[in-house]
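In what follows, a single structure is set out as structure tokens and then discussed.
Just so it is clear, the model here is predicted, and its values are computed rather than measured. Indexing begins at 1, ligand by ligand and atom by atom, following the structure's order. All residue numbers refer to positions in the sequence shown, counting from 1.
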Amino acid sequence: MGTQLFGTNGVRGIINREMTSELALKISQTVGTVLEGEEVAVGRDCRMGGEMLQHAVTSGLLSTGKSVVDVGFVPTPALQFIIPKLGCTGGIMITASHNPPEFSGIKVMGSNGVEISRALEKKMERVYFEEAFEIADWTEIGSIRMYDTTIENYLQAIKTHVDVDTIKERQLKVVIDGANSVGSLATPILLRQLGCRVISLNAQMDGMFPGRDPEPIPENLEMLAQAVKAVGADFGVAHDGDADRATFVDEKGNILWGDQSFAIMASYILEEYENPTLVTPVSSGRLIEDVAHKAGATIDWTVVGSVDVSHRMLEINAEMGGEENGGVFYPAHQAVRDGAMTVAKMAEIISVENKTLSELVADLPQYNSVKISVDIPDDKKLDILDPLLELTEDQERITIDGVKLIYNDGWVLMRPSGTEPIWRCFAESESEERANELAKNGKDMILKALTSLE
Ligand code: MG
């Protein structure tokens, strides 16, 4: 009998191979058993098999006596936004986020719209593997109702958190790449409502993802970068498959690194508050530290993972959160990664600061980062940590997730991959040479820790 069901962001697998209707049924019976309350909101992205999985999820929930609010095709953050508004006890999103087209998955949210905590995941895993489902009496089976104004309400709320008049005056031209998925249902409309001229790419919903792979990383965004230059847009933006992330392209066609757009947001948003706190995983670098300190903010480090960032933000009432992959959390709106909210804030920043996106990037300190990986057999992966902690005990370090060593002129983070038989080293410094050296030192330490196990 297994013990683990949930990964970094919910359950994922290849459609009809791992991510089957049977699995979806059992997960939703688990959710229906564990969550208190009456109604669960269910939404999905446009991936293949979504209809099949949604029916299975709905069926499972109804069988445990829960009723379902069917919100249809929505971005994940739109579902998350609407859960507390509808007074639901939780939500299920059928999506594999940025994974390749053959994947689908399930994200489970609590009554506040945030993905459930690691502790609640553990509880659900126990119910799932013991099949301890609480199946309702035949007189108590739940019912379904449709709710079709989720996106409208979600966009309305986003607009209350930006300076709409100033954005409208600027009349920005924006190219939006919706990844052939649910981002296309929200962000182009939002931008038009903000007075932007909008050019859409990959805007038709298609689970084959004919335009590009759903992950908004530079190798997938060449078409967007070219389109921005070709039409003379002020900026471009690309979502992932469920539109909780946004990657930006400046007016010259340069694709921003996630930590650059995060840093631009952080320096603007944190300035709005007195002594704010920024929550971010240990994988974030000096750039984020620099802008946070400049804004008088304290950094609160977490393990790598958006769910952990959300929960920590709520726990300490933080003003902002973010990840180096470009995920931005703005809890004045909601404490989750939110692609459309991020786009609206970026439009505000460009308009209010009256700068181009490339100028905003040029204002940031420059660092060089290096990522390398070290092959480690799966059965040794978790054993490396103890000797690595011993090897580094005299150094300045953060040990929340792997080991991050801090130097005057840079840092290196060593941590195991959640999915592959490797350890990763992220290093960063002002000089490229030093960043390479730090990454190599990290690799040597991992190998030394491995040798000490033999
Ligand atoms: Mg996503």
Member of V307, T76, D244, V114 meeting the side chain to side chain contact (heavy atoms under 4.5 Å, CB included) criterion with V336: V114
Distance under 6.0 Å and angle within 45° of ring axis: K404 vs W301: yes
Heavy-atom closest contact (L62 atom, S67 atom, distance): CD2-CA, 4.3 Å
The Mg ion (ligand 1) - number of protein N/O/S atoms closer than 2.8 Å: 4
CD1-CD distance between I83 and Q334, expressed to the nearest 0.5 angstrom: 9.0 Å
Residue E51 excluded, over 12 heavy atoms near CD under 6.0 Å: no
Axial cation check for Y268 ring with K345, 6.0 Å and 45° limits: no
